[in-house]
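Notes for the one structure printed next.
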Amino acid sequence: MNAVGAVSAAARPAPAPGRPPAPGDLPAAARELVAGLLAAPWGQVSASPYETGRVVSLAPWLSGHAGRIDFLIATQRGDGGWGPPGHHGLVPTLSVVEALLAERRRESSPADRELLAKAAARGLELVRAGAVAGREEPLPDMPAIELIVPHLLSLIGDHLAAEDPDTAGRLGPVPGSFPGADGAKLAAVRRWMASGAAVPQKLVHALESAGREGAASPGVVPTPMTAGMAAVGASPAASAAWLAAAPWHAGPEGDASAGGSGGGARPPGAAAPVRRYLEEVVSVSGGPVPCALPITVFERGWTLSWLLRAGLPVEAPPELAASLREGLGPDGVATGPGLPADADTTSVALYALALLGEPREPEGLWPFELETHFCTWRGEEGMSPTTNAHVLDAFGEYVRRRGGEPRHAAVVAKLASWLRGRQDGEGKWTDRWHVSPYYATACCAIALTEFGGPESREAVGRAAEWVLDTQRPDGSWGRWEGTAEETAYALQTLLLTGAARGRERNAIRRERDAVRRGREALLAARDHRPPPLWVDKDLYLPAAIVQAAVLGALHLSGREMDAMPE
């Protein structure tokens, strides 16, 4: 292990958005960004402490293992936790603590064992103190968190029970349970999966929480990919759990070799494509791994949408449009292989194609329609305003360009009404797929401006007022701190809704001042890496999508500045 040394090259996170260009270089930067989508076809996603911890624990044989340990040690916060501040840091902190304890039991070097124990003890202390997630505070709305938290607590308990008394005393007791994650649902899910019944596809993305028997369920089948690879739930952790549950690990050519235990028999060679997928992931990511990969359609749809809606002159290569077109079907399209089709990815792909001049009837969205709104995927246990804003974009743009049928117009009216009803008293929206209200407010306010009709003007105006009222003294916007990403969303909210709001002269003057200050803050943030704000099992940063939002905001704000009188 190389934990006591400098962070290795393999431990570096996935690429971040590049430095925002000078104002005159925006079209060139947009073209470069689009070209990069083809150069990195699996997508550009930040490394996840949670997912990397699971791969460290489940697949120590995978190449780059030492670099992943380095990454976990190097990314521990000053307070002992991992990931974002507050209760969104619970899952990554528990995952890394468990991974370090698992590695400690494998490590032979006394110095490295001590380093691992100290880092784990600091993380455990933070969790026990309630600083990561308060005992009275509900868990954040993150995929499978009610399964992941009790699973990790159980594993940590097993490690502590196996320690010698002196070391166990220094590490302290197992943290207590958390509201909404008492283990009852996890036990039910494991019984279901162990029975051999069909496994809901949405559970496969978090297969690592199902335990060895659940991960060995015959109902879990890897999804074939190109180049002889197969992924389990588009997740490195889920794929590693599937491999670890087999009675063997497959060698490079699929030959059985000793290394695992438990689980049922699988056909010879079945594990080799999954192992090849994992090796490709760590090759693409540099060692530490993201929560989901590939994210091809997801990344391309969002990136093109932000650029084109902002009016940047972008010509998408034919193969880029083809990748969006070919993924669509009557059941929608999924973010990654092994994930269920979802309305969010489907709608943004449709909207991007429409902006490219290829409007298509949104047939893939009808399976997600509910009485009052659209679900993100079938069986969703919550609801997402941003998914519905994107569905409104897809239907609205289709009606605008093709006229559509009465049923299309009815969906547009229904979604606009539903979104207006989800706006809170302050004028903002919040969402389960992004922790920042500036993202959700931009998605909803812009969609309502475009397709919500005159009855949405008041809601959009309140959203703009909230954005103006929450600008920071330095001109930026942000939930926890000012960030380039959130500043871009705030600017786009103001600039893409302004003409439709019918502002008075004083209001226009106030907004232009806010835009000027926001643009200056956005340019000043060019050397700062944006924090992960998008929600999966851990928070993550989809680098190209965020860069597209920033470029779009710079383009729009630049035009606004040019239009201002001297």
Side-chain angles (χ1 to χ4, degrees), residues 14-18 27-46 223 225-226 231 234 280-281 284-285 290-329 331-360 362 364-365 376 386-387 389-391 393-394 397-398 433-434 439 443 485 488 492 534 536 540-552 555:
R31 290 192 295 271
E32 183 180 351
L33 180 62
V34 170
L37 300 179
L38 294 174
W42 277 26
Q44 303 166 55
V45 195
S46 61
T223 302
M225 300 168 59
T226 58
E280 181 65 18
V281 169
V284 168
S285 68
C291 282
L293 209 70
I295 60 163
T296 306
V297 175
F298 173 85
E299 179 185 74
R300 293 176 178 186
W302 258 261
T303 299
L304 291 171
S305 294
W306 281 118
L307 294 174
L308 293 168
R309 174 139 58 182
L312 275 162
V314 173
E315 292 185 9
E319 54 266 46
L320 205 60
S323 67
L324 297 177
R325 188 187 315 116
E326 292 165 2
L328 294 169
D331 296 321
V333 64
T335 294
L339 291 174
D342 69 86
D344 212 16
T345 306
T346 303
S347 59
V348 176
L350 286 164
Y351 181 64
L353 283 171
L355 295 183
L356 289 170
E358 296 185 33
R360 299 165 61 92
L365 289 173
T376 305
T386 63
T387 292
H390 295 141
V391 175
D393 286 335
E397 196 65 33
Y398 177 75
W433 300 122
H434 199 289
Y439 170 79
C443 293
E485 179 182 359
Q492 296 218 28
W534 295 63
D536 195 345
Y540 69 99
L541 170 69
I545 295 172
V546 171
Q547 180 73 340
V550 169
L551 291 177
H555 178 68

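For the single chain, residues carry numbers from 1 onward in sequence order.
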[X] versus [Y]: any side-chain heavy-atom pair under 4.5 Å?
{"X": "Pro290", "Y": "Ser285", "value": "yes"}
{"X": "Leu551", "Y": "His555", "value": "no"}
{"X": "Val34", "Y": "Pro317", "value": "yes"}

**Prompt:** Is there a side chain to side chain contact (heavy atoms under 4.5 Å, CB included) between Tyr351 and Ser305 once you walk through the steps?
**Reply:** CA-CA 7 Å; Tyr351 181 64; Ser305 294; 3.6 Å; yes
Is the side chain of [X] donor-acceptor paired with the backbone N or O of [Y] at a distance under 3.5 Å, no angle test?
{"X": "Arg300", "Y": "Leu37", "answer": "yes"}
{"X": "Glu299", "Y": "Gln44", "answer": "yes"}
{"X": "His390", "Y": "Thr386", "answer": "yes"}

Which pair of heavy atoms, one from [X] and one from [Y], lies closest together, and at what distance?
{"X": "Ala30", "Y": "Leu312", "result": "CB-CD1, 4.3 Å"}
{"X": "Ala316", "Y": "Leu320", "result": "CB-CD2, 4.1 Å"}
{"X": "Ser347", "Y": "Thr387", "result": "OG-O, 4.4 Å"}
{"X": "Leu353", "Y": "Ala321", "result": "CD2-O, 3.8 Å"}
{"X": "Gln492", "Y": "Ala549", "result": "NE2-O, 3.0 Å"}

**Any residue meeting side chain to side chain donor-acceptor pair (under 3.5 Å) with His434, in chain and number order, not counting sequence neighbours** =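 His434: side chain to side chain donor-acceptor pair (under 3.5 Å) contacts with Glu485, Trp534.
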**Request:** Would you please name every residue forming a side chain to side chain donor-acceptor pair (under 3.5 Å) with Arg325, sequence neighbours left out?
**Result:**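 Partners of Arg325 by the side chain to side chain donor-acceptor pair (under 3.5 Å) criterion, ordered by chain and then number, come out as Glu358.
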Rounded to the nearest 0.5 Å, what's the gap from [atom1] on [X] to [atom2] on [Y]? Could you check?
{"X": "Leu350", "Y": "Leu355", "atom1": "CG", "atom2": "CG", "answer": "11.0 Å"}
{"X": "Thr296", "Y": "Trp42", "atom1": "OG1", "atom2": "CH2", "answer": "8.5 Å"}
{"X": "Thr303", "Y": "Phe298", "atom1": "OG1", "atom2": "CZ", "answer": "9.0 Å"}

**Message:** Using the salt bridge (charged side-chain N to carboxylate O under 4.0 Å, His left out) criterion, which residues pair with Glu280? Sequence neighbours excluded.
**Reply:**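 Result, salt bridge (charged side-chain N to carboxylate O under 4.0 Å, His left out) vs Glu280: none returned.
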**For Asp536, salt bridge (charged side-chain N to carboxylate O under 4.0 Å, His left out) partners two or more places apart** = none
**Request:** Only pairs at least two apart or in different chains count here, so list each salt bridge (Lys or Arg N to Asp or Glu O under 4.0 Å) that has a residue in residues 303-323.
**Result:** Arg309-Asp393
Taking only distance into account, with no hydrogens and no angle test, what donor-acceptor pairs under 3.5 Å do side-chain atoms of residues 332-343 form with protein atoms, sequence neighbours excluded?
{"from": "Thr335", "atom 1": "OG1", "to": "Asp342", "atom 2": "OD2", "distance (Å)": "3.3"}
{"from": "Thr335", "atom 1": "OG1", "to": "Thr345", "atom 2": "OG1", "distance (Å)": "2.8"}
{"from": "Asp342", "atom 1": "OD1", "to": "Asp344", "atom 2": "N", "distance (Å)": "3.0"}
{"from": "Asp342", "atom 1": "OD1", "to": "Thr345", "atom 2": "N", "distance (Å)": "2.6"}
{"from": "Asp342", "atom 1": "OD1", "to": "Thr345", "atom 2": "OG1", "distance (Å)": "3.0"}
{"from": "Asp342", "atom 1": "OD2", "to": "Thr345", "atom 2": "OG1", "distance (Å)": "3.0"}

**side chain to side chain contact (heavy atoms under 4.5 Å, CB included) between Leu304 and Leu324, worked out** = CA-CA 11 Å; Leu304 291 171; Leu324 297 177; 4.0 Å; yes
